[in-house]
Each structure stands twice: as structure tokens, then as C-alpha cells.
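Below, read A as the first sequence line, B as the second, and so on, with proteins coming before strands; counting in each chain starts at 1. Side chains included, hydrogens not; waters and symmetry mates left out as well; all remaining heavy atoms used.
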Amino acid sequence: MSKKQYRSNYCMDLNSDYIDKEVKLAGWIRKKRDHGNMIFIDLKDHTGVVQCVIDTKNENFENINQLSVESVISLEGKVIARPSDSINDGLESGKVEIDIKKITILSKAQTLPFAMHQDDLGEELRLKYRFLDLRRDEMQYRLKLRSDVIKEIREIMEEKGFMEVHTPILTSSSPEGARDYVVPSRLNPGKFYALPQAPQQFKQLLMVSGVSKYYQIAPCFRDEDTRADRAPGAFYQLDMEMAFATQEEVFEVIEDVMFSVFSKFRSDMEISNKPFVKIPYKEAILKYGSDKPDLRIPFHYHDITHLFAENCPKIFKSIVEGGGKILMLPVKGLSNQTRKFFDSMQKFAQDHGAFGLGYMLVGEGKSGPLAKILSDEVSNVVREKADGAFFIADYEVNLPKYAGPVLKKVAEEMNLINKDKYEFCWIIDYPMYEINEGKWDFSHNPFSMPQGEMNAFEKDPGEIMAYQYDLVCNGIELTSGAIRNHDPEIMYKAFEVAGYSKEDVDREFGAMINAFKYGAPPHGGSAPGIDRMIMLLADTENIREIIPFPLNQQGQDLMMNAPCEISNKHLKELGIKIEE
RNA sequence: GGGGGCGUAGCUCAGCUUGGUUAGAGCGUCGGCUUGUCACGCCGAAGGUCGCGGGUUCGAGUCCCGUCGCUCUCGCCA
């Protein structure tokens with residue numbers, strides 16, 4: 001077997017410089033154009049396509065004539081200039097073609113379940129034949145982008161002095177968070193490993209070990225139901241953690257990574273300048289109705305509750321007196337919208353749990369359902385901002401359900417989202433606790449440090465904020481992070497509020513609480529979702545488009561037939577009985 | 001677990017509203033013709049358990065009930 005048995009060049013290498021050179025190429029037959037006594041072949045490899053030509057004078061003619069598309073061949077031939085009237089300017093190799101001398105058939109292809117150029121295929125079919133789906137140009141591009149993004153991330157992190165450490169895939173189940181994927185243990189019958197939902201505890205333990213800056217391109221496993229931006233099975237995070245770091249120092253690292261990666265791979269887009277905007281959680285809810293605001297939308301809610309102090313219409317009165325808010329959403333161009341538009345927005349809001357969605361237009365005079373009810377003072381405030389506004393009256397706790405979706409829906413329907421921007425923002429000052437069925441529960445990560453540390457607990461739990469932050473881009477949550485609680489006493493106290501005894505904490509989080517008793521540096525970090533970053537970079541609506549081998553919505557791999565049953569022998573070895 | 005949408009040829013879909021002769025199209029496949037195409041062209045052919053089960057009806061792809069599958073979404077996602 002000679003070293004270059006299959007190929008001397010790649011398809012896209014070939015241009016006018018190679019004319020009259022003998023070359024060997026290998027790849028797939030993407031297209032055949034049969035002219036009877038002459039056949040054109042588009043040969044495709046990972047670099048692209050080059051046209052090859054053969055006619056009946058060649059003894060290999062019949063071999064090629066019979067070959068199906070997507071068969072794999074190696075061919076030898078001479079690079080020749082195309083006749084001037086058949087140059088293909090749409091193809092990089094379009095000035096030349098290969099005059100085939102000899103071909104070797106390396107692998108015959110059956111008729112494909114779908115044609116390579118089809119781009120409207122059902123997802124089920126694509127996943128079943130993912131190896132073919134990935135052969136298409138669009139998917140090849142996404143594979144390459146994913147690889148390049150991860151390479152870029154690694155380079156930036158290494159340059160900043162971070163060290164990659166691999167953490168276990170088989171670990172123990174944790175009572176907090178999503179459902180775990182579990183793996184039975186043969187050596188310990190009746191016991192189970194869990195796949196890590198994130199390397200959270202390990203990275204904090206690494207801090208205690210004296211690692212100063214840790215990162216990992218880490219797989220995370222959560223048994224959750226699917227969403228367009230959430231894949232079942234595994235997803236990847238740029239997991240990172242820093243010792244002796246403040247929130248600002250973590251932000252600086254993440255901002256550098258995001259800014260570099262997004263500018264490098266989408267130079268056509270406008271990207272938020274560093275430092276990214278910081279929005280306190282409470283403000284985000286009142287301004288955007290969401291802790292994942294899409295800042296490409298050029299309008300937001302305004303709290304105008306104060307304008308209703310004296311002259312409050314009946315329908316709002318009980319809300320205002322009960323401590324609720326009146327929010328105004330001024331939108332430029334609103335007065336040009338049809339009645340049908342307002343009706344559909346009203347229905348949309350109600351479907352999401354709103355009591356109602358009033359509006360007032362102030363284009364020429366006042367109109368709309370609220371025009372008669374609202375004071376001139378209010379309409380003047382609207383007029384300062386726009387020609388019309390929606391109004392919501394509700395308690396703060398109800399806002400995320402519908403105020404955010406309404407804002408987004410209005411922007412989408414009126415086509416007011418700037419698609420040429422990546423708008424980043426930090427959401428900071430998350431509440432440490434929230435009420436859940438009458439008791440206090442962690443609203444985010446239980447390992448976050450409460451602001452004020454031990455002194456925080458002098459406040460009402462609902463007033464305690466955590467050093468907890470999210471990074472959001474175009475309405476998509478890219479990462480959650482926190483400055484951690486490294487003090488066992490504060491941790492016991494924090495868990496006590498959420499109803500955990502000291503014994504509970506020792507039992508459930510033994511490794512970490514124990515480690516913190518042996519000298520733990522203050523530390524904090526974050527974990528941007530790599531799949532979501534690539535989704536934004538590749539402009540796909542669905543996260544599965546940028547995952548090479550995703551599971552479907554039922555958590556199945558239709559290509560590999562996973563999950564699958566296992567033999568009785570296998571089950572017995574694991575000490576497992578399947579209940580019928 | 002709840003709600004919406006979809007399921008007809010290998011693929012993408014039309015036909016269903018208003019039940020009625022032999023269920024169509026494009027792409028793909030197969031055969032024939034074709035020496036300058038590059039979404040090659042022209043002629044022809046094969047290919048269907050209309051997801052599955054039941055019901056209504058003289059008659060069901062079409063209407064009704066059930067069921068399965070896919071997909072979007074709510075719950076869920078410390």
C-alpha cells in the first residue's frame with residue numbers, strides 16, 4: 001500500500017495552476033450528469049466539489065455509468081482547463097476539470113433514503129440517518145463551526161492561565177436540581193451512580209485543592225424534557241471557576257471569551273461592547289417582564305404606579321392598593337396596528353395567564369379601550385415615548401408568566417427586532433430564596449454566597465440577595481454563575497432557612513461541606529452553555545441542529561436504537577428486576 | 001403529566017372544508033435517447049395497508065371515537 005494510494009490532492013486545491021498535472025482524488029459522487037457518450041461527475045470531499053469528466057473512449061466508462069450517487073471512489077486523471085464557454089463561476093474549482101484516466105470503486109452506495117440536496121427533511125428521518133444528514137454541506141459547516149469555537153475557547157482560557165481538569169462521569173446523585181440519569185453498579189448491587197448534571201461540586205473541590213483557575217469543556221447530563229434550546233441527554237458547558245475572585249473578575253473573563261468568540265465567528269454582526277450591561281434581577285422583571293431580556297427589542301415596560309396614587313381607575317384600584325404595579329409598554333408605531341392585532345395580543349396575554357392587556361393610542365387624540373379611563377397625565381407620559389402603549393396591572397410575582405412573552409410577541413409581530421446584533425447583558429442580584437408552596441426555597445444555586453454573608457440572615461429571607469448572576473444574549477440564557485459560599489457556618493445557616501438541618505446538609509453535601517472545613521479559598525465561577533453559543537453563532541432555531549448526534553424529544557437515538565433493553569443475564573449481574 | 005399541530009409514494013407535499021369512478025404533483029429510483037452539462041435536457045415506467053384499530057354510511061384518505069408516532073409548547077430545568 002503506497003502512502004498516497006487514495007489521493008494526492010483535495011478537490012478544492014485544484015485551480016488553473018494545476019493544469020496538465022496528474023492528480024489522484026478521492027471522495028463521494030455527489031452528482032452525475034449523463035450525456036450518453038460522456039458523463040460529468042461532481043466529486044465531493046471535505047473541501048468541496050470538482051467536476052470530473054469521462055467519455056466512452058475510456059475503458060472505465062461503463063464502471064462509472066453504473067455507479068450510484070454517493071458511492072465512494074478514488075480516481076486518477078489530468079487537470080485540464082475547461083472550454084471558455086463552460087467555466088462555472090459559481091464553483092471555486094470551476095475553471096478546471098479532471099479528465100478521468102482511471103477509477104477505483106472504494107464503496108458502492110445504495111439508493112439513499114433522501115437526496116443530498118434536499119433541505120426540508122423531517123427531523124425524525126434526519127436523526128435516523130444522521131451519518132447522511134451530517135454529510136450535507138450545511139451540517140458540515142456546523143460541525144466545523146463547533147470545532148472551531150471550542151478550539152478558540154480553549155485558546156483564550158489557556159492564555160488566561162486556566163487549567164483544564166476532567167471530572168468524573170460516574171458520580172453520586174444529588175437531591176437538588178433536575179432529575180438524574182442513573183447507572184446501576186455491578187460491584188455494589190442495589191446502588192446507582194448518577195451522571196453529573198454539571199461538575200459543580202468537583203470544581204469547587206478543586207478550588208479547595210489549590211487549583212487557582214479551573215476550566216473544562218464539560219458534558220452535563222440532565223433528565224429534563226426538551227425545548228427548542230434544550231437538548232435531552234447531554235449538553236456541553238464551558239465550566240470555569242476561579243479562586244480568590246470577585247464577581248467583577250469572573251465577568252471580565254466571561255466577557256472576554258464571549259466578545260472574542262462572537263466577533264471572530266460573526267464579524268458581520270454588531271456585538272455589545274465590554275463591559276456588558278448589568279441589570280439587577282428586580283429591575284429586569286419590572287422593565288422586561290423576564291430575567292432573560294432580549295435587548296434587541298427597542299422598547300420596555302415603565303413602572304407608572306406612582307401616577308395612580310390619587311386618581312386610580314376602579315379596575316386598577318385593588319391591584320395598586322394591594323401593592324401591585326401598573327406598567328406601561330410604549331411602542332412606536334402602535335397606532336397603525338389593526339383591531340385584529342390588539343385582539344390577538346389580548347388573547348396571547350390571557351393564554352399566558354394575564355387578566356387582561358389594555359392599550360391606549362395617542363396618535364391623533366386618544367383612542368383604545370383605556371382612553372376614557374386613563375388620566376391626561378398618563379396619556380402625556382405615553383406621548384413622550386410613543387404613539388401608543390399597552391398597560392398591565394398586576395403583582396410583580398405574576399409578571400414573568402406573561403409580561404415577558406407579550407413584550408417579545410409584540411416585537412416579533414411588528415417586526416421590531418434588530419437581527420444584526422448580539423445584545424449581551426448580565427442579570428445580577430438574584431434573590432437567594434423564593435416562596436414555594438408556603439416555604440422558603442433556594443431560587444437558584446444553593447451554594448451561592450448571600451450578599452452580606454452571615455449578616456444577610458438578619459433580613460427577611462425574601463430580601464436576601466445572592467452573588468448570583470446570569471449572562472443573557474438576545475433573550476437566551478447563556479450562563480449561570482455565582483460567587484460561592486465557602487464558609488461552612490454560613491452554608492449551614494443558608495440551608496437552615498430552606499428547611500435543611502445540619503444533619504441533612506452533612507448527608508446530602510458531605511464532600512463539599514467537609515472540604516470547606518479544611519481551608520477553602522473564596523471562589524466563584526460560571527458555566528456558559530456551549531451548545532447555545534453555537535446555536536446563536538450558527539443562527540439556528542433549534543439546538544439539535546448544532547449537536548452532532550442529538551437524542552429526539554423522547555430521549556431516543558433512532559440511529560443507535562438507544563435506550564435499549566438488556567439481556568436477563570446482564571440484569572441479573574446488576575441485581576435488577578424489571579417490574580412488568 | 002397537560003395543551004396545540006402534523007401523520008397520504010423512498011423524500012417533500014396536494015387532496016379532507018362539502019364522503020362518490022382508477023388517490024395526484026415535484027424530487028428521487030429504474031429503462032431508453034443524449035459529447036459541454038453543472039438543479040443538464042427529452043421520452044417512458046415502477047412505486048400507496050392514505051400511521052394503526054374501531055365506528056357511522058350503500059360507500060371513508062375525507063366524518064366520529066380510540067390508539068400509536070413525530071413535533072412545538074406549559075409543567076419541569078438547584
Between [N] atom [atom2] and [X] atom [atom1], what is the distance in whole Å?
X: A:Glu124; N: B:rG51; atom1: CD; atom2: P; answer: 14 Å
X: A:Leu132; N: B:rG28; atom1: CG; atom2: P; answer: 17 Å
X: A:Asn65; N: B:rU34; atom1: CG; atom2: P; answer: 12 Å
X: A:Leu127; N: B:rG69; atom1: CG; atom2: C1'; answer: 14 Å
X: A:Met38; N: B:rC33; atom1: CE; atom2: P; answer: 18 Å
X: A:Ile39; N: B:rC38; atom1: CD1; atom2: C1'; answer: 14 Å
X: A:Gln51; N: B:rA39; atom1: CD; atom2: P; answer: 10 Å
X: A:Leu112; N: B:rC30; atom1: CG; atom2: P; answer: 12 Å

Look at the side chain of [X] and decide which nucleotide, out of [options], has an atom nearest to it.
X: A:Glu97; options: B:rU12, B:rG36, B:rG28; result: B:rG36
X: A:Pro83; options: B:rG28, B:rU35, B:rG36; result: B:rG36
X: A:Asp225; options: B:rC27, B:rU73, B:rG1; result: B:rG1
X: A:Val69; options: B:rC11, B:rC27, B:rU29; result: B:rU29

**Item:** A:Tyr492-A:Tyr500 aromatic ring centre distance below 6.0 Å
**Value:** no

**Asked** Taking the six-membered ring for Trp, are A:Tyr402 and A:Phe348 ring centroids under 6.0 Å apart?
**Response**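 Judged by ring-centre distance (under 6.0 Å), A:Tyr402 and A:Phe348 do not meet the cut-off.
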
Between [M] and [N] - [atom1] atom distance, rounded Å:
N: B:rC38; M: B:rG61; atom1: P; result: 43 Å
N: B:rG19; M: B:rU57; atom1: C1'; result: 9 Å
N: B:rU8; M: B:rG15; atom1: P; result: 14 Å
N: B:rG44; M: B:rC65; atom1: P; result: 45 Å

**Message:** Using 30° and 60° as the class boundaries, would you call the ring planes of A:Tyr129 and A:Phe131 parallel, tilted or perpendicular?
**Reply:** perpendicular

**Request:** Tell me whether A:His35 is stacked on the nucleobase of B:rU37, counting only the six-membered base ring and applying the 5.5 Å and 30° thresholds.
**Result:**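 It does not: the two rings, one from A:His35 and one from B:rU37, miss the stacking criterion.
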
**Request:** Would you please determine if the base of B:rC11 is stacked by A:Phe114, with stacking meaning a centroid separation under 5.5 angstrom and planes under 30 degrees?
**Result:** no

**Message:** Any donor-acceptor pair under 3.5 Å linking the side-chain atoms of A:Ser501 with those of A:Asp504?
**Reply:**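 Yes - a donor-acceptor pair under 3.5 Å links their side chains.
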
**Request:** Using heavy atoms to find the nearest nucleotide of RNA chain B for A:Asn88 and A:His352 separately, return the residue whose nucleotide is more 5′.
**Result:**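 Nearest-nucleotide comparison on RNA chain B picks A:Asn88.
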
**Fill in**
Result for 5'-nearest mapping on RNA chain B, choosing between A:Arg82 and A:Asn37, is A:Asn37

**salt_bridge(A:Glu70, A:Arg135) N-O dist < 4.0 Å** =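 Salt bridge present between A:Glu70 and A:Arg135.
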
**Item:** Salt bridge flag under 4.0 Å for residues A:Glu138 and A:Arg142
**Value:**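 Salt bridge present between A:Glu138 and A:Arg142.
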
Going by modelled atom types, is there a donor-acceptor pair between the base of [N] and the side chain of [X] at under 3.5 Å?
X: A:Arg126; N: B:rC11; value: no
X: A:Asp85; N: B:rG36; value: no
X: A:Asp42; N: B:rC38; value: no

**Request:** Go ahead and name the base partner of B:rG31; Watson-Crick or wobble counts if both distances stay under 3.5 Å, otherwise write none.
**Result:**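 Base-paired to B:rC43.
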
